[in-house]
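Only one structure is covered here, and it is reproduced in the block below.
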Amino acid sequence: MVYGSERALVGGGAAADAGSEAATAVSLIPIIQAGAILLIGVAIIIANVLVIATLIMSPSQRDAMVYYVLSLAAADLLCGILVVPLSVYPAVGRRWVYGEFVCRIEGYLEVCLWSVSVYTFMWISVDRYLAVKKPLRYETLQTRTRCQCWMVFTWITAAFLCCPPLLGFSTASYYEAGALCLLEWSNMIAYSLTLAALVLGPSLITVIYTHIYIFHAIRKARRPHINPADKEHVAAVIEVAASAYHPMSLTLVLVFWMSWLPWLGLCAYEQIIGKVDMPLVHFSLIWLGVLNCFWKTIIYITMNPEFRSSLRFFCTSICCCVIKSPRHTQQQQMSQQPVLTTRQR
């Protein structure tokens, strides 16, 4: 009997220890998630500030593609400043504390900035298509003013297309598994389908068609037998094909959709089959999509030598200014000291 009671006590103590360890692990998960969100936000802000500052300050970055990259970086930077920080505290407390209006604003910003990125990828594809289709007239067709107008039009269009939730036609709810506020699309089926058709339809069709044409045009230009009448055009196409913008633009599009398709697929699965009760999977997939705002900078650095050299020049200039400023202040004080002593005399 004594041995049986001792075994029961030991078993009960082991179960209590296992329960306390499980409770500790569960309590640490929100803190880990909040820390991950904070790191993602800081990385997004720093990366896109560097991109914007490099493109603005560098005199060599004056191509048409620069304005499209600036548009992507601006959308990602706004996401890092206005959307990501609002998820840090709710990830710990497991509840939304900023009110229903802020929740609706966050949901609107998410959809609007996502639409801007999708539309910008469409314009990047059109730009690469024109560079291959009409290489001799590319600089005439893709002027700075025209590219700036397209970007302004893109931001205005995305802002107005996504504005009905702000007018009270839809509500937003806290998505606890992802620590984000998301718009409710179920009570606006017609608007949701229309928005998806207007944003995804033109963008996906344009991206697919233009990159298929670019692939075939470059492949055709590299054939050994060329018509003498098309020799100048083919030479221009080969020169354009050697640009780093072609693989970079395709990689940007692929990484964007590879980042978001897992979460979009999970949402579609839940709508068709049933809810997936795995909070960590929801959290990982949606923040994998948000992390795409950081991966773009890595793609610029690794695949564009011109941007890499401009970034190096910008960072070197900043470091030189920081190093020279104390020396300059010290030299200025030393030069003023004899004047002060002379005046005192």
Subject >> Working for side-chain contact (heavy atoms from CB on, under 4.5 Å), residues S310 and M57 >> reply: CA-CA 9 Å; S310 299; M57 300 299 293; over 6 Å; no
Subject >> From CA spacing to verdict: disulfide (SG to SG under 2.5 Å), C162, C112 >> reply: CA-CA 6 Å; C162 304; C112 180; 5.1 Å; no
Subject >> Donor-acceptor pair, side chain of S117 and main chain of L113, under 3.5 angstrom >> reply: yes
Original post:
Quick check: does any side chain N or O of E270 sit under 3.5 Å from a backbone N or O of V276, one acting as donor and the other as acceptor?
Top reply: yes
**OP:** Identify the heavy atoms of C293 and N48 that sit nearest to each other, and give their distance.
**Re:** O-ND2, 3.3 Å
Original post:
Cut-off 3.5 Å, side chains only: do R137 and Q142 have a donor facing an acceptor?
Top reply: no
Original post:
Stepwise, does the side-chain contact (heavy atoms from CB on, under 4.5 Å) test hold for L288 with W263?
Top reply: CA-CA 8 Å; L288 174 65; W263 184 72; over 6 Å; no
Original post:
Can you name the closest pair of heavy atoms from C79 and V290 and give their distance?
Top reply: SG-CG1, 4.4 Å
**OP:** Taking R146 for its side chain and L141 for its backbone only, find out whether a donor-acceptor pair lies under 3.5 Å.
**Re:** yes
Original post:
W257 vs W114 aromatic rings, parallel, tilted or perpendicular, using cut-offs 30° and 60°?
Top reply: perpendicular
**OP:** Name the orientation class of the two ring planes belonging to F283 and W287 (parallel below 30°, tilted from 30 to 60°, perpendicular beyond 60°).
**Re:** tilted
Subject >> Qualifying salt bridge (charged side-chain N to carboxylate O under 4.0 Å, His left out) pairs with a residue from residues 70-87, counting only residues at least two apart or across chains >> reply: D76-K296
**OP:** Kindly say whether P90 contributes a backbone atom to a donor-acceptor pair with the side chain of Y174 at under 3.5 angstrom?
**Re:** yes
**OP:** Mind listing the closest non-hydrogen atom pair of V84 and G41 along with its distance?
**Re:** CG1-CA, 3.6 Å
Original post:
Would a distance-only check, ignoring hydrogens and angles, find a side-chain to backbone donor-acceptor pair under 3.5 Å from E106 to C181?
Top reply: yes
Subject >> Smallest separation among heavy atoms of M151 and S71, with atom names >> reply: SD-CB, 3.3 Å
Subject >> Shortest non-hydrogen separation from P202 to V199 and the atoms involved >> reply: CD-O, 4.0 Å
**OP:** Check each of Y245, W150, Y138 against D127 using the side-chain hydrogen bond (donor to acceptor under 3.5 Å, both in side chains) test, and report the only one that passes.
**Re:** Y138
Original post:
Do any N or O atoms from the side chain of S259 and from the backbone of V255 form a donor-acceptor pair under 3.5 angstrom?
Top reply: yes
Original post:
According to the interplanar angle, ranging from 0 to 90°, do the rings of Y129 and Y209 count as parallel (below 30°), tilted (30 to 60°) or perpendicular (above 60°)?
Top reply: tilted
Original post:
Are the side chain of T206 and the backbone N or O of S203 linked by a donor-acceptor pair below 3.5 Å?
Top reply: no
**OP:** State, to 0.1 Å, how close M303 and M248 come at their nearest heavy-atom pair, and which atoms those are.
**Re:** CE-N, 3.9 Å
Original post:
Do Y98 and W96 have their ring centres less than 6.0 Å from each other?
Top reply: yes
Original post:
Is a donor on one side and an acceptor on the other found under 3.5 Å between the side chain of S87 and the backbone of A179?
Top reply: yes
**OP:** Using salt bridge (charged side-chain N to carboxylate O under 4.0 Å, His left out) as the criterion, list what pairs up with E100, not counting sequence neighbours.
**Re:** R104
